[in-house]
Student: 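Below are the structure tokens for one structure; questions will follow.
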There are 2 protein chains.
Amino acid sequence: MLELAILGFLCDVPLHGYVLRRHIAALTGHVRPVAESTLYPAIKRLEKAGLLARTTEPGAVAAPRHVLTLTEEGRQELRRRLSEPGQREITDENHWFTVLAFLRHLDDPAAQAAVLRRRLAFLEEPASFFYDGDRPLRAEELDDPFRRGVLTIARATSRAELTWLRDTLASLGDVAR
Amino acid sequence: MLELAILGFLCDVPLHGYVLRRHIAALTGHVRPVAESTLYPAIKRLEKAGLLARTTEPGAVAAPRHVLTLTEEGRQELRRRLSEPGQREITDENHWFTVLAFLRHLDDPAAQAAVLRRRLAFLEEPASFFYDGDRPLRAEELDDPFRRGVLTIARATSRAELTWLRDTLASLGDVAR
DNA sequence: GCGCAATACATCGGTGTCGAAGTATGGTGC
DNA sequence: GCACCATACTTCGACACCGATGTATTGCGC
């Protein structure tokens, strides 16, 4: 998720670590802050893997800055991660939103639609948080107001996302089935 | 989050690891599966900390089962974690839902309301995923349909949750301010 | 009688993440 | 002139988490 965000931001324009950090903080920071000591090693990993290159510039205001540029391999890897996301990227909203934030970098509408369809399939299968044996419980069946809240909120999210997914798939020229 | 779920489930009734695993899978598994090799060490941690006790029973169907019971310290720790959740528990929906799933174990309505108010405060402060400088961008201002989706979905979730939060706070006898 | 799934738990190496602290520079307030 | 903050990046130890693999038992289908 973090690596995807790094690749995604650098795909637009070269950045140095500090600005990248602020970009990532804006994207996911209010929900899940990223520590500096997580970001910089992640950058190193990606650099070591040849996905991004670093050129040192004298710091405009402070310490020397490492301007990071996505390599061609990095660009390919970004497209690979976007077109073949892991299951966690599909099911976990935090990860999913990161995929969505950069999905435009996948220039093939069919490939974009394929990713959206995976999320659609996930949302369409009946799943709950609370069960009576194997039977998913509906909000109305719960006494607990807090658990009822979970289902109420999840349902609202799901509904909004299903609508958006179907609309967007249609506008991508995807044939509904 | 995992530890909270373990404590929460065991607060109701003693369970052995395998059943606990299925309970947790039902609660959060469709979004974020928990590996066996994560659950059992977590159980050991909690046991070592004196939060739960283990009694070995001959397995009804297979290997001997370790029936886990929450100790009095465990019960206190659960209440502590519920009444003073970390910031991540408030901001990250995955964690927040786990808190909500067990918030009823906090028997004081005022304490429950205090937790809900923290989430309310978080949702009420203006935050986006995408910015133009410091100014949060609205869905309508985005060209990217996928980023627009993120904002659309997040807004729907936020709206539903705010409604639910205010209703529930009112029914808990909490005075709106 | 054999394979296979489900039950039930344990171990282990690799790695991602975090908190805390450290280094260094330049600008601002007092 | 000095503290303090923002910029910009690094190092380190601790540890939660994961995938793979192992062990053992019971019950089912064929």
Side-chain angles (χ1 to χ4, degrees), chain A residues 1-7 9 14-25 28-29 31-49 51-52 54-68 81 86-89 91-92 94-95 98 133-134, chain B residues 1-7 14-26 28-29 31-49 51-52 54-68 81 86-89 91-92 94-95 98 133-134:
Chain A
M1 193 177 122
L2 174 58
E3 296 184 0
L4 183 61
I6 296 173
L7 296 174
F9 279 122
L15 296 170
H16 59 274
Y18 200 79
V19 174
L20 191 55
R21 184 164 141 67
R22 280 198 279 107
H23 276 61
I24 291 172
T28 57
V31 168
R32 182 186 279 266
V34 172
E36 281 179 287
S37 51
T38 304
L39 174 63
Y40 289 111
I43 291 173
K44 272 189 195 160
R45 276 200 307 278
L46 296 175
E47 192 192 0
K48 207 170 166 184
L51 305 182
L52 47 88
R54 163 193 313 233
T55 53
T56 304
E57 268 185 19
V61 197
R65 309 195 285 195
H66 301 254
V67 176
L68 306 165
R81 291 191 194 212
Q87 195 55 21
R88 188 72 122 263
E89 271 66 51
T91 61
D92 189 330
N94 292 325
H95 290 67
T98 310
D134 277 345
Chain B
M1 192 178 123
L2 175 57
E3 296 183 1
L4 183 61
I6 295 173
L7 296 175
L15 296 171
H16 59 274
Y18 200 78
V19 174
L20 190 55
R21 185 165 139 68
R22 279 197 281 108
H23 276 63
I24 290 172
T28 57
V31 168
R32 180 187 281 266
V34 172
E36 281 181 284
S37 50
T38 305
L39 174 63
Y40 289 112
I43 290 173
K44 272 191 196 160
R45 277 200 305 278
L46 297 175
E47 193 192 358
K48 206 169 166 185
L51 305 182
L52 48 87
R54 162 191 317 231
T55 53
T56 305
E57 268 185 21
V61 199
R65 308 196 284 196
H66 300 251
V67 176
L68 307 165
R81 290 192 194 211
Q87 195 55 20
R88 189 71 122 262
E89 270 66 50
T91 61
D92 188 329
N94 293 323
H95 290 65
T98 308
D134 276 344

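Given the structure is predicted, the values throughout are model-derived calculations rather than measurements. Order of the sequence lines fixes the chain letters, A, B, ..., with proteins taken first and strands second; residue numbering starts at 1 for each chain.
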Student: D/dA24 C1' sits how many Å from B/E36 CD, rounded?
Tutor: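 Rounded to the whole Å, the gap is 14 Å.
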Student: Which whole-number value in Å describes the distance from A/L4 CG to C/dG16 C1'?
Tutor: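 The distance from CG of A/L4 to C1' of C/dG16 comes to 16 Å, rounded to the nearest Å.
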Student: Please give, in whole Å, the distance from C/dA8 P to B/R54 CZ?
Tutor: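 Answer to the nearest Å: 15 Å.
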Student: Do B/L51 and B/I6 come close enough that some side-chain heavy atom pair is under 4.5 Å?
Tutor: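 No - every pair of side-chain heavy atoms lies 4.5 Å or more apart.
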Student: Return a single string for nucleotides 13-18 of chain D, one symbol per nucleotide in 5' to 3' order, where B is base contact, S is sugar-phosphate-only contact and - is none, cutoff 4.0 angstrom on heavy atoms.
Tutor: ---SSB
Student: Ignoring hydrogens, what is the shortest heavy-atom contact between B/A5 and B/I24? Give both atom names and the distance.
Tutor: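 What the structure gives for the nearest pair is CB-CG1, 4.3 Å.
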Student: Check this one for me: any side-chain N or O of A/Y18 less than 4.0 Å away from OP1 or OP2 of D/dT7?
Tutor: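 Looking at the OP1 and OP2 atoms of D/dT7, one of them is under 4.0 Å from a side-chain N or O of A/Y18.
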Student: Which atoms form the tightest heavy-atom contact between B/L2 and B/A42, and what is the distance?
Tutor: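 Heavy atoms only, the tightest pair is CD2-CB, 3.7 Å.
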Student: Can you tell me the distance, in whole Å, between the CD atom of A/Q87 and the P atom of D/dG19?
Tutor: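 Checked: the CD to P distance equals 12 Å.
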Student: Output every pair passing side chain to side chain donor-acceptor pair (under 3.5 Å) with a member in residues 39-49 of chain B, not counting sequence neighbours, ordered by first then second residue.
Tutor: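 Sorted result for residues 39-49 of chain B: B/E3-B/R45, B/E47-B/R54.
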Student: Please report, rounded to the nearest Å, how far the C1' atom of D/dT25 is from the CZ atom of B/R65.
Tutor: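 Roughly 13 Å, once rounded to whole Å.
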Student: Rounded to the Å, how far apart are B/H16 NE2 and D/dT25 P?
Tutor: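 So the two atoms are 17 Å apart, to the nearest Å.
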Student: Could you check if a side-chain atom of A/T98 sits within less than 4.5 angstrom of a side-chain atom of A/H95, using non-hydrogen atoms only?
Tutor: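 No, their side chains stay 4.5 Å or more apart.
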Student: Does the side chain of B/H66 get closer than 4.0 angstrom to OP1 or OP2 of C/dA8 through an N or O atom?
Tutor: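 No, B/H66 has no side-chain N/O under 4.0 Å of OP1/OP2 on C/dA8.
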Student: Going through the checks in order, is the side chain to side chain contact (heavy atoms under 4.5 Å, CB included) test met by B/M1 and B/L4?
Tutor: CA-CA 5 Å; B/M1 192 178 123; B/L4 183 61; 5.7 Å; no
Student: Listed by chain and number, what are the ring pair (Phe, Tyr, Trp, His ring centres under 6.0 Å) partners of A/F9, not counting sequence neighbours?
Tutor: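 Only A/H23, A/F102 meet the ring pair (Phe, Tyr, Trp, His ring centres under 6.0 Å) criterion with A/F9.
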Student: Would you tell me if any nitrogen or oxygen in the side chain of B/Y40 comes within less than 4.0 Å of OP1 or OP2 on C/dA10?
Tutor: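 No, B/Y40 has no side-chain N/O under 4.0 Å of OP1/OP2 on C/dA10.
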Student: Got a sec, which residues hit ring pair (Phe, Tyr, Trp, His ring centres under 6.0 Å) with B/H66, two or more places apart in sequence or on another chain?
Tutor: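 Partners of B/H66 by the ring pair (Phe, Tyr, Trp, His ring centres under 6.0 Å) criterion come out as none, since no residue qualifies.
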Student: Just how far, in rounded Å, is P of D/dA8 from CD1 of A/I24?
Tutor: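 Checked: the CD1 to P distance equals 15 Å.
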Student: Using whole Å, report how far CZ of A/R21 lies from P of D/dT10.
Tutor: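 My rounded result for the distance is 13 Å.
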Student: Looking at C/dT11, C/dA21, D/dT7, which one has an atom nearest to any side-chain atom of B/K44?
Tutor: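 Closest of the options to the side chain of B/K44: C/dT11.
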Student: In chain order, what residues pass the side chain to side chain donor-acceptor pair (under 3.5 Å) check against B/D92, with sequence neighbours excluded?
Tutor: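 Result, side chain to side chain donor-acceptor pair (under 3.5 Å) vs B/D92: A/R32, A/N94.
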Student: Taking five pairs at each end of the helix from C/dG1-D/dC30 to C/dC30-D/dG1, what angle separates the two helix axes (nearest 10°)?
Tutor: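 The angle separating the two end axes equals 30°.
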